[in-house]
Amino acid sequence: MFFRQVHVGPMQNFSYIIGDKNSKEAVVVDAGWEADKLIEIAKKENLQIKKIILTHSHYDHIQKVDELASKTNAEVYFHEDDYNEIKSIIKNPNIKIHKLKNNDEIYVGKIKIKVIHTPGHTPGAICLLAGNKLITGDTLFVNAIGRTDLAGGDSLKLFESLQKLKKLDDKIEVYPGHDYGDIPFSTIGGEKKANPYFKCESKEQFLSLLGVF
Ligand SMILES: [Fe+2]
């Protein structure tokens, strides 16, 4: 499996490219900035971008999706609960859109990408599991979590979503939507040890740490 974490734009965002070297197909995760940079990387690896998956509806993760999908003919996937916000910025009527639900599977060649619905940062926020790598969008960062005070945010739902992620194996690698930590990626086990929000075992403790309870 080809896997690349790519720094894009002025807000410390990460996009990701996952590729199957046999079928020469690739998926891009999040398209907030620098569509051409992502296209160039795929091209150098002899991969064709066939699909774009968006972790959630915030502009710094989606604003280049129309450009990237139009230039590559890729189909676009995102969770149904963030549908309206994302649909409104896709202008090209030829772009094919797929609505996702929890537990859906998306294939790039033979590589399976599993969708885990993790609402809280936005209603339709998702994490994506490919092999031992979990792309967490703005749900879970290295030593931090996504904000819940923006439109559609919900602290209690984010707490429940984090409990879902805690059930994954400690060795699973965590690849966030922003480079906010002291290292660019981590593991579920590492976050259980060091991330004060991920460590919380009760919702009361979590909400008081967030200062909303
Ligand atoms: Fe966000």
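Remember, it's 1-based here, ligands and their atoms both numbered in the order they're listed.
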*Asks:* Does the separation of the ring centres of His121 and His61 fall below 6.0 angstrom?
*Replies:* no
*Asks:* For the Fe ion (ligand 1), how many protein N, O or S atoms come closer than 2.8 Å?
*Replies:*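 N, O or S atoms of the protein closer than 2.8 Å: 4.
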*Asks:* Are Gln5 and Tyr16 close enough that a side-chain donor and a side-chain acceptor fall under 3.5 Å?
*Replies:*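 Present: a donor and an acceptor within the cut-off.
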*Asks:* Please determine whether the number of non-hydrogen atoms from other residues, nucleotides or ligands lying under 6.0 Å from atom NZ of Lys51 exceeds 12.
*Replies:*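 Counting other residues, nucleotides and ligands, NZ of Lys51 exceeds 12 neighbours.
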*Asks:* Can we call the ring centroids of His178 and Phe141 under 6.0 Å apart?
*Replies:* yes
*Asks:* Connecting only ILVMFWY residues whose side-chain heavy atoms lie within less than 4.5 Å of each other, what is the rest of Val142's hydrophobic cluster?
*Replies:* Ile183
*Asks:* Please confirm whether Lys133 makes a cation-pi placement over Phe3, using NZ or CZ under 6.0 Å from the six-membered ring centre and within 45° of the ring normal.
*Replies:*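 Checked: cation-pi criterion met.
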